[in-house]
J.: 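Below is one structure. I have some questions about it.
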Amino acid sequence: MTECEHLVTCAFFHDRLAKMPSMSLMLKQRYCEGEWADNTRCARRIVAVKVGLGDVPDDLYPAEVYRVKGITGVPPSTITGGGPDARSSEDDL
Ligand code: SF4
């Protein structure tokens with residue numbers, strides 16, 4: 001079981017993004033909390049490690065690791081604490 005350290009403040013977890021996907025509950029179980037959750041793969045968490053949660057774009061969804069480099073300027077695999085799977089995001093698209 002994994003619980004993301006950003007649960008209290010994360011806009012995605014609290015359904016505050018402009019267009020919440022219909023499968024948001026499934027995504028929360030996959031990334032945010034629960035027995036099978038793995039927040040090391042979450043694009044929002046990876047970006048937050050680099051720029052701070054307050055500067056994570058409102059339209060960034062957990063599965064969009066391919067956007068991390070464009071937002072932070074560096075590949076996700078180089079962000080310490082970004083998670084071991086941050087560099088392999090294509091399977092999350
Ligand atoms: S969306 Fe990502 S950063 Fe937000 S609570 Fe879930 S795992 Fe953490």
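The shown structure was predicted, so the numbers you read here are calculated from the model rather than taken from an experiment. Just so you know, ligand 1 is whichever comes first in the structure, and atom 1 is the first atom listed for that ligand.
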J.: What's within reach of atom 8 (Fe) of ligand 1, meaning protein N/O/S atoms under 2.8 Å?
T.: Cys4 SG
J.: Check for a donor-acceptor pair, side chain of His6 on one end and backbone N or O of Leu53 on the other, with a separation under 3.5 Å.
T.: no
J.: Over all heavy atoms of both residues, which pair between Asn39 and Cys4 is shortest? Give the atoms and the distance, please.
T.: ND2-CA, 3.2 Å
J.: Taking all non-hydrogen atoms of both residues into account, name the closest pair between Arg44 and Ala11 and its distance.
T.: NH2-CB, 3.8 Å
J.: Do Asp59 and Arg67 sit within salt-bridge range, that is, some charged N less than 4.0 Å from a carboxylate O?
T.: yes
J.: Considering only Ile, Leu, Val, Met, Phe, Trp and Tyr, and joining two whenever side-chain heavy atoms are under 4.5 Å apart, list the other residues clustered with Phe13.
T.: Leu7
J.: Hey, what do you get for OH (Tyr61) to SG (Cys42), rounding to the nearest 0.5 Å?
T.: 12.5 Å
